[in-house]
Amino acid sequence: MSKLLFIQTLGCAMNVRDSEHIIAELKKQDYEITQNLENADLILINTCSVREKPVHKLFSEIGAFDKVRKKGSKIGVCGCTASHLGSEIFKKAPFVDFVLGARSVSKIGVAINSPKFISTDINYDESEYAFGEFRTSPYKAFVNIMIGCDKKCSYCIVPQTRGDEISIPVQIILNEAKKAAQNGAKEIFLLGQNVNNYGKRFSNSHEKIDFSDLLNRLSEISGIQRIRFTSPHPLHMDDKFLRTFAENPKICKSIHMPLQSGSTKVLRDMKRGYTKEWYLDRALRLRELCPNLNISTDIIVAYPTENDEDFNDTMEVVGKVRFEQIFSFKFSPRPLTPAANLPLIDDKIASKRLTHLQSFHNEILDEIMAEQNGKIHEVYFEELRENGQVAGRSFSNFLVSVNGSEELLGKTKKVLIEKTQRMVLYGRVTD
Ligand code: SAH
Ligand code: SF4
Ligand code: F3S
């Protein structure tokens, strides 16, 4: 009889893919997924360390899991917090059976069978590891193209949890994408912390190609209709990348360009490597090249050296780029990072800036969404929603919902937009 696995995934798309890798490995050992914690033989939590709050929550959460779990079951802590806290997790939560860092997910098969197993080595090389095929969605396939991150952004813990940047060999990526396409996925979503720095370092002597060439090679795979990726780094957005992005018809016209701050001074303090002007030049050039482009971004407010003028620079960039989506956060000091011990900005000021940014952006977004009324978008349907609705993403990444049934899933249709909300467009299929 199969054993039951309960897995909770926090954090970014990389963690989602890591969880898929973990599930694929565990399926080889006869595990099946359950949504019911009390029945599970194995409970895994795949953690995120990027801000302080989720790390605090981790211990109360696994404590609660421990109370209700079945006798004889195991609990494992995986992912970025496992890398960063390591054996401290056993000290704070002695009932945890193993700790598996973000760079060691391939060792899950060993971890479950070795008492108090711990692997948090951020130098461990998983770049040549061909993972199993488990995928959460049959329509869209996440494909890792690199592991780790070589940047040293002053606020960020990721290089400490995922180690140095190594590109995954082209052949492994192409094979994974081909397999996904054969299994019916029409969209591939490439993952890495700095995807457009792809190809700088491999762990072995492999064919060396850059990100633009990788995109072109992937677009030749028959069956793949859409290619997305996250995150590109604004610093590496050279003209070749911009051209490839604009010209290749399979590359979805939506891009995540993490701004972090609009102030050149703060960007320098953060060690981001670009200026406000460079960022604006790249974003506005992309808008010129691709008329129906969606740009999303990440912004950190109240970085310790940010003053009112710096914050106004951020607002100015937001006003000029008119992002379709913004993920905004208050600065959160992270251990082991250069900014960890800088004096914090008063929390009231930080909150005020965050609210100000978000309400300014909501105004922009309401205008952008209202402009979609009467437009036609090509939507790839992926999700059944409540009340007889089916949803998908437009080529430019708007969430679009229509009346329909599962027949629409996995199909791309033209949709006339008839009603708009801040986060979703409603319409009807016209073909
Ligand atoms: N590689 C991506 C970011 C990965 S982390 C990039 O270069 O942009 C995802 C987002 O979390 C970051 O873009 C940043 O906005 C946010 N973040 C990272 N560290 C943070 C911190 N210490 N406090 C607040 N937000 C942070
Ligand atoms: Fe963190 Fe910077 Fe690397 Fe992104 S590029 S993961 S923000 S260190
Ligand atoms: Fe992702 Fe969080 Fe790790 S954002 S890389 S899971 S710290």
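Keep in mind that what you see is a predicted model, and the values were worked out from it rather than measured. Counting starts at 1 for both ligands and their atoms, following the listed order. Note that the numbering runs from 1 along the sequence shown for the chain.
Stacking of Lys253 on the aromatic ring of Phe395 is not recorded, the 6.0 Å distance cut-off and the 45° axial limit not both being met.
The aromatic rings of Phe142 and Phe189 stand perpendicular to each other, their planes meeting at an angle above 60°, with 30° marking the opposite boundary. Below 30°, between 30° and 60°, or above 60°: for Tyr274 and Tyr279 the angle between ring planes is between 30° and 60°, a tilted geometry. Note: Phe241 and Phe245 have tilted aromatic rings, judged against thresholds of 30 and 60 degrees for the angle between ring planes.
Checking Cys153 against atom 3 (Fe) of ligand 2, every N/O/S atom stays at or beyond the 2.8 Å cut-off.
In this model, no donor atom of one side chain and acceptor atom of the other lie less than 3.5 Å apart for Thr275 and Thr264.
Arg103 has no carboxylate O lying under 4.0 Å from a charged side-chain N of Asp125, or vice versa, which leaves the two without a salt bridge. Salt-bridge formation is not detected for the pair Lys3/Asp30: no Lys NZ or Arg NE/NH1/NH2 atom is positioned less than 4.0 Å from an Asp or Glu carboxylate oxygen.
At the shortest separation from atom 7 (O) of ligand 1 among protein heavy atoms lies Arg272 NH1, 3.2 Å. When only non-hydrogen protein atoms are considered, atom 17 (N) of ligand 1 lies nearest to Arg51 NH1, 3.5 Å.
Every atom of ligand 1 with a heavy atom of Pro258 under 4.0 Å away is listed here by number and element: 6 (C), 8 (O). Residue contact check: Gln193 has heavy atoms under 4.0 Å from atoms 5 (S) of ligand 3. The ligand atoms of ligand 1 that sit less than 4.0 angstrom from a heavy atom of Lys330 are 23 (N), 24 (C).
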> What do the steps show when you test Phe398 against His377 for ring pair (Phe, Tyr, Trp, His ring centres under 6.0 Å), and what is the final call?
Replying inline: CA-CA 9 Å; Phe398 285 118; His377 283 289; 5.5 Å; yes
> Are Val266 and Ile300 close enough, and set up right, to give a side-chain contact (heavy atoms from CB on, under 4.5 Å), and what steps lead you there?
Replying inline: CA-CA 10 Å; Val266 174; Ile300 298 177; over 6 Å; no
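At a heavy-atom distance under 4.0 Å, no atom of Pro258 approaches ligand 2.
Side-chain contact check for Ser219 versus Ile227: some heavy-atom pair is nearer than 4.5 Å.
Residue contact check for ligand 2: Arg162 places no non-hydrogen atom closer than 4.0 Å to it.
Counting only protein N, O or S atoms closer than 2.8 Å to atom 1 (Fe) of ligand 3 gives 1.
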